[in-house]
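Below is one structure, written out as structure tokens, with a few remarks after it.
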There are 2 protein chains.
Amino acid sequence: MSGICPKAGRRALAQKIKLSTIADALGVSTATVSLALRDSPLVADATRQRIKEHARTIGYIYNRRAASLRTSRSGIVGVVVHDIMNPFFAEILRSIESELDRSRQTFLLSNHYDQLEKQRTFIDTLLQLGADGVIMSPAIGTPPEDIMLAEENGLPAVLIARSVDGARVPVFRGDDAYGIGLATNHLISLGHTRIAMVGGTDHTSTGRDRYRGYVVAMQKAGLEVKPEWRFPGPRTKQAGFEMTGAFLALKDKPTAAVCWNDLVAIGLMNGIARAGLTPGVDISVTGYDDLEEAAIATPALTTVWNGQREVGRRAARVLLDRLNGVEVDPTQVLIKPELHVRQSSVRPVER
Amino acid sequence: MSGICPKAGRRALAQKIKLSTIADALGVSTATVSLALRDSPLVADATRQRIKEHARTIGYIYNRRAASLRTSRSGIVGVVVHDIMNPFFAEILRSIESELDRSRQTFLLSNHYDQLEKQRTFIDTLLQLGADGVIMSPAIGTPPEDIMLAEENGLPAVLIARSVDGARVPVFRGDDAYGIGLATNHLISLGHTRIAMVGGTDHTSTGRDRYRGYVVAMQKAGLEVKPEWRFPGPRTKQAGFEMTGAFLALKDKPTAAVCWNDLVAIGLMNGIARAGLTPGVDISVTGYDDLEEAAIATPALTTVWNGQREVGRRAARVLLDRLNGVEVDPTQVLIKPELHVRQSSVRPVER
DNA sequence: CTGAAAGCGCTTACAG
DNA sequence: CTGAAAGCGCTTACAG
């Protein structure tokens, strides 16, 4: 039984191949090799080709640590969000990924799970690695100093999805108050008057803005906003599902629920179905985000498209601009959401 | 209107703080500072405390590139899977994350979307960064040479979820043939005789093993395996949903479907509901993976728990062992799956 | 168009 | 227990 010796690979290489290995073999200087490999016009075509060819055949591996130590650019961009496995971030991350790929930046991803300590550890790691910049959806309670600390140590930051008061950096997020207003007004226009808001937290800018948008829409329509119609907390399918009992137990039961996001909405619809009622018939439900699965839920979910792709793309571009020395406004950009009406919202059964 | 100058931070620092800054300030050598910061017993307690205290107050940031260039350990472990946003990988990634966190390794995540080129680019990046190791769920068609190339250049690899013939590295995956057998036998024991298999691909070891497990279970029970009862392809909710039409259009319609994974099963159940039938009554459905949402689907999904947490934990541990010089067997470890029976599988209505 | 040499910020023998 | 010095593998003025 032969095991793997963990360092066998390293040892198997007769000698680590480096720039000087190539330089020696071809009788040129390391400076020339370095320039040639990076396609500098300072090197003659023929020389460059010889060098690149040789590098390829001997299996040269560029040492980015050494280069980065010298140039103080690492080609690394950090991205930290609450939870990368949350489908809400999926589209954002994909569009960031495709922007960064194009600029050959390596994309270092992390979750902070809304724990400030985790977020700090990650930023610290980025600083230690000499990362070029960071895109973050800040954890609940992030003080502006945490972001400015990064900035002051040469790690420019761009925020997505949530803002942090007092942090002078660019922010890209959906216009949450407006978006939730679209959903609320849609339900009102269908004839609903008792509308609950399920999920979300007041500890984030997003949460506050969405709740405010709901309240404003209700009040504008002259409808009552009862405190017991607000179910703060849930942000996952599971939590939405578990909230169903409390929701259905309300006397004067609402005929519709504006949900914090699609996950909560789908969880709630599952809960309603499990209780023997029919979501989208007995109780109208709206979501937020327009995840892929909103369209295939049963019933198909009426929801608010949140411009995720746009948020990711623009955040990445602005960060790349900053890395390239372009001056950038440290202001908040709100992306306009759109209502996507499907089958989960209908006229109220009773009146 | 004042923009942000992207390099202001760097410039604002009077001088970059490094080991020698601390050494000069305290009148010791950089060697002592280096040792003290890493808690070496070679340094006297009092000296160490003075040094650490001073480092903290002046805001010293450890330069990992420099350290790594010197030591040729980077503290980075790469993890590459088909799609990190796929909930199947969520639990695996979380358990890898918690193992690696404990060893203070930075966790560099990437998708390859089953594209060999993307996977190669990522491995190349890891080599350039001097990463210590990589955990990968190999892309479809990965040649063993790609993995051995990493190994030979000092990047030890551990595989998860899929194996690659000819690659002499440790592999951790669920026992797919056994697991799908659990689901198939469960349906057979309920009285189903016409059982379809929906989703999956023959291009991965997982796909082949699951299909084989289904076929073997059917044959052992003396049941017919019709080619048209196999719906290869779908691996997402959307794709499962879209497959429903073809499934329901079969003459001699199966009364049950063994699905490739929970996503396909949930998509199929949504499709069945959309067609006016009741999943779990008219047609029994089983999933695979036991994602969180399997339990809250309507009806709750009977599925096979795949040992994701175990796969991630053991893969991370073995990689860490290899990094610490422990010899490790380059063999495949199959984790035993378990059947979780819920409401989506019942006795067939017709006979 | 090319080369010789300094230096990025650490860690590690080695000497004391 | 501490210090002086070499070196990790690049890139960048500088000189020719």
Side-chain angles (χ1 to χ4, degrees), chain A residues 10 13 15-52 54-55 58-76 125 127-132 153-154, chain B residues 10 13 15-52 54-55 58-76 125 127-132 153-154:
Chain A
R10 260 175 246 260
L13 288 180
Q15 199 64 42
K16 189 83 184 170
I17 295 165
K18 47 194 173 181
L19 280 192
S20 62
T21 316
I22 301 175
D24 291 352
L26 299 184
V28 296
S29 74
T30 58
T32 303
V33 177
S34 172
L35 293 168
L37 290 179
R38 284 172 298 136
D39 287 322
S40 161
L42 291 177
V43 178
D45 268 11
T47 316
R48 171 168 55 244
Q49 283 183 15
R50 257 174 71 223
I51 291 174
K52 292 184 104 170
H54 187 72
I58 65 173
Y60 168 69
I61 292 171
Y62 179 67
N63 187 326
R64 272 167 61 163
R65 294 170 287 183
S68 157
L69 182 58
R70 182 60 224 261
T71 61
S72 70
R73 270 201 63 168
S74 64
I76 292 175
T125 299
L127 289 170
Q128 294 183 3
L129 290 172
D132 297 331
N153 285 286
Chain B
R10 259 176 248 260
L13 288 180
Q15 198 65 41
K16 189 84 184 170
I17 296 165
K18 48 194 173 182
L19 280 191
S20 62
T21 315
I22 301 175
D24 291 352
L26 299 184
V28 296
S29 73
T30 59
T32 303
V33 176
S34 172
L35 293 168
L37 291 178
R38 284 173 298 137
D39 286 322
S40 161
L42 291 177
V43 178
D45 268 10
T47 317
R48 172 168 55 246
Q49 283 184 15
R50 258 173 70 223
I51 291 173
K52 292 184 102 169
H54 187 71
I58 64 174
Y60 168 69
I61 293 171
Y62 179 66
N63 187 326
R64 274 171 56 166
R65 294 170 287 184
S68 156
L69 182 58
R70 182 60 225 261
T71 61
S72 70
R73 268 196 70 164
S74 63
I76 292 175
T125 299
L127 290 170
Q128 294 184 3
L129 291 172
D132 297 332
N153 284 287

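Each chain gets a letter, A, B and so on, in the order the sequences are listed, and its residues count up from 1. This structure is a prediction, so every number in the text was calculated from the model and none was measured.
- Separating the CG atom of B:L26 from the C1' atom of D:dG3 is a distance of 15 Å, rounded to the nearest angstrom.
- Listed pair B:T47 / D:dT2 meets the phosphate criterion, a side-chain N or O lying under 4.0 Å from OP1 or OP2.
- D:dG9 atom P lies 9 Å from atom CZ of A:R65, rounded to whole Å.
- Inter-residue side-chain proximity for B:I61 and B:I17 is flagged as unmet; no heavy-atom pair is nearer than 4.5 Å.
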Completion exercise
For DNA chain D, the dot-bracket notation using Watson-Crick and G-U wobble pairs below 3.5 Å, [ ] for pseudoknot-type crossings and | for other-strand pairs, is |||.||||||||.|||
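- Remark: A:S20 pairs with A:K18, A:T30 by the side chain to side chain contact (heavy atoms under 4.5 Å, CB included) rule, at least two apart or across chains.
- Listed by chain and number, the residues in a side chain to side chain donor-acceptor pair (under 3.5 Å) with A:T21 amount to none (sequence neighbours excluded).
- The structure places CG of B:L35 at 8.0 Å from OG of B:S29, a figure rounded to the nearest 0.5 Å.
- Here the C1' atom of nucleotide D:dG9 and the CG atom of B:L127 are 16 Å apart, to the nearest Å.
- The shortest side-chain heavy-atom distance between A:L129 and B:I76 falls under the 4.5 Å cut-off.
- If you measure from atom CD1 of A:I61 to atom P of D:dC8, you get 18 Å, rounded to the nearest angstrom.
- For C:dT2, the OP1/OP2 oxygens have no side-chain nitrogen or oxygen of A:T32 closer than 4.0 Å.
- Remark: B:A66 pairs with A:L69, B:N63 by the side chain to side chain contact (heavy atoms under 4.5 Å, CB included) rule, at least two apart or across chains.
- Per the geometry, CG belonging to A:L19 stands 4 Å off P belonging to D:dC10, to the nearest Å.
- Distances were taken from every side-chain heavy atom of B:S29 (C-beta onward) to each of D:dG9, C:dC10, D:dG3; the shortest belongs to D:dG3.
- As rounded to whole Å, 8 Å separates atom C1' of C:dC8 from atom NZ of B:K18.
- With contacts defined as side-chain heavy-atom distances shorter than 4.5 Å, the pair A:Y60/A:I22 qualifies.
- Applying the 4.0 Å criterion to OP1 and OP2 of D:dG9, one finds that A:Y60 has every side-chain N and O outside that range.
- Whole-Å rounding puts the B:D24 CG to D:dG3 P distance at 11 Å.
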Give me the distances for all protein-to-nucleotides 12-16 of chain C N/O pairs that come in under 3.5 Å?
residue : atom : partner : partner atom : Å
C:dT12  : O4'  : B:R70   : NH2          : 3.0

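- If you measure from atom CG of A:L69 to atom C1' of D:dC8, you get 9 Å, rounded to the nearest angstrom.
- With contacts defined as side-chain heavy-atom distances shorter than 4.5 Å, the pair B:L19/B:L37 qualifies.
- Applying the salt bridge (charged side-chain N to carboxylate O under 4.0 Å, His left out) test to B:D45 and every residue at least two apart in sequence or in another chain returns B:R48.
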